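Working notes, structure below.
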Amino acid sequence: MKTIIEPFRIKMTEALPITTRSEREALLASAFNNVFLLDADHVTIDLLTDSGTGAMSDRQWAALMLGDESYAGSRSWRRFERTVREITGFKRIFPTHQGRAAERILAATRLQKGNVVPNNGHFDTTRANIEYVGAIATDLPSSEARELHSEKLFKGNMDLGKLEQLIEAEGSANIPFCMLTVTNNTGGGQPVSMENVRSVKEILQKHNIPLIIDACRFAENAFFIKEREQGFADRTLLEIAREMFSFADGATMSAKKDGLANIGGFLACNNDSWADDFRNLLILTEGFPTYGGLAGRDLEAISVGLLEALHYDYQRYRHATVEYVASALISRDIPIVRPAGGHAIFIDAAAFCPHLRASDYPGIGLVNALYLEGGVRAVELGSVMFGKPAPGGGEEIAAPHELVRLAFPRRVYTQSHFDYLIEVLDAIGRRRESIEAYRITEQAPFLRHFTAHYERAG
Ligand SMILES: *Cc1c(COP(=O)(O)O)cnc(C)c1O
């Protein structure tokens, strides 16, 4: 059959609020025109993030009941350790309450002031944890990543030439480790090829620099490799994931993504002396090393979820959904970043709203139009998120792009929900010149997008 279906049926439902346009006008106004300040109860289709928002399977819910809540050495920990080792091959494994806890422990134990950490694209919490200890987080995306609309297959790759130059300039002693983020979230959920992982490792090995994989979307990346890279079509996603991890010396993970769980993460490595440092700090800030800030039942749900994320039929359906929406938007002349990423579609709000300047915040205009039109919640990745206020008014840093992200929660929405989304965007697209300019009336000195207040500028 050509039709790719959701490879599950629904056993439990969760009601969606259906609101009227006039209700949404009032709700958005009372949220100061910032969708982050809306109650989730007033959002019909919530595409704010794919983090921790997925639906667990019946097997995960059943596994919760098997949770062993023993403080030390629980059965659930053993299962978790076995599963993570089966997928990654790492020798030492530590559960954490989220990905950023793993990053914090890694940064605090391995980095010193002035050290440099290269990455194809640091996620914001990774960057923040590295900078918090006084080290420098350097992004080395491939040059293809900057071409928003070109159909390159592995736009998440690291630039190998730039990596060599950086090592040359800094000296390997000042680079305690290098990271690769799969898929590259900051670059739009774009995949990293096996070839690139292998080449990065080869370069690092010559200089004795360990490679740490930010593995949040390891299964989505494995799917892209299977579909797009020569020589992998006949391999299972588990085999591909194992090969990917075989080039790494450690990994950080948020189980809120490809763990198909609502909370959790892990930190893993092969080096015993690193692991002892991780363990000691973990006990101080997360918990005993066999639970690391998670309940035994969470460890069970994650153990099941990590393997479910590697089911081919699941990944095929997930990517088909993203592609379905992407091609519908392209055919309606709605400019999106190409090719579509693994977990999200990014609309180019600047191209969508040529009547608005960056200082009009076209991303905010489009995000608010999505909510007013259909109760859809998306997020701006543009001058509000990446810019900051200049002391004398105006913007200090203009963002390179004005994007709006539609993130896809895992196993949550059906195709008719996405048909609805397409209809909403179609309606907005037909009168795109009416998307309004906004200005900021109140903002925090950093991470302002979460709490800023806006008003219509027109
Ligand atoms: C979400 C994410 C993290 C951080 O994980 P949390 O669980 O949110 O702390 C790190 N890296 C990437 C690529 C992510 O997507």
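Only heavy atoms go into these numbers, but all of them, side chains included; no hydrogens, no water, no symmetry mates. As the structure is a prediction and not an experimental result, all values here were calculated from the model. Counting convention: from 1, in listed order, for ligands and their atoms alike.
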Taking N or O atoms only and a 3.5 Å limit, does T125 qualify as a polar contact for ligand 1?
no
Under 4.0 Å from a heavy atom of T181: give me the atoms of ligand 1 that qualify, with their elements.
13 (C)
Thinking salt bridges, do D258 and R217 make one under a 4.0 Å N-O criterion?
no
Criterion ring-ring contact (aromatic ring centres under 6.0 Å, His included) on H401 and F346, from CA distance to verdict
CA-CA 11 Å; H401 304 295; F346 294 73; over 10 Å; no
For M158 and M179, which heavy atoms make the closest approach, and how far apart are they?
CE-O, 3.5 Å
Atom 6 (P) of ligand 1: the protein heavy-atom neighbour that sits closest, reported with distance to 0.1 Å
Q98 NE2, 3.2 Å
Check K256 against ligand 1 and report side chain, backbone, both or neither, counting heavy atoms closer than 4.0 Å.
side chain
Which heavy atom of the protein is the closest neighbour of atom 8 (O) of ligand 1, given with residue, atom name and distance?
R100 NH2, 3.0 Å
Numbered atoms and elements of ligand 1 in range of K257, under 4.0 angstrom, heavy atoms:
1 (C), 2 (C), 3 (C), 5 (O), 14 (C), 15 (O)
Of all the heavy atoms in G265, does at least one lie under 4.0 Å from an atom in ligand 1?
no
So, are K257 and D50 salt-bridged, with charged N and O less than 4.0 Å apart?
no
Tell me yes or no: between the side chains of H97 and E286, is some donor less than 3.5 Å from an acceptor?
yes
What protein heavy atom lies closest to atom 5 (O) of ligand 1? Include the residue and the distance to one decimal.
S254 CB, 3.3 Å
Checking the N or O distance criterion of under 3.5 Å, is ligand 1 in contact with D214?
yes
Examine the side chains of E402 and S383 and answer whether a donor and an acceptor come within less than 3.5 Å of each other.
yes
Within the 6.0 Å centroid threshold, strictly below: F223 and Y312
yes
Using a strict cut-off of 4.0 Å, indicate which atoms of ligand 1 neighbour a heavy atom of E103.
3 (C), 4 (C), 10 (C), 11 (N)
Going by distance alone, is a donor N or O of one side chain under 3.5 Å from an acceptor N or O of the other, for Y314 and E308?
no
Any nitrogen or oxygen of T183 lying under 3.5 Å from a nitrogen or oxygen in ligand 1? Just yes or no.
no
Tell me whether G264 has any N or O atom under 3.5 angstrom from an N or O of ligand 1.
no
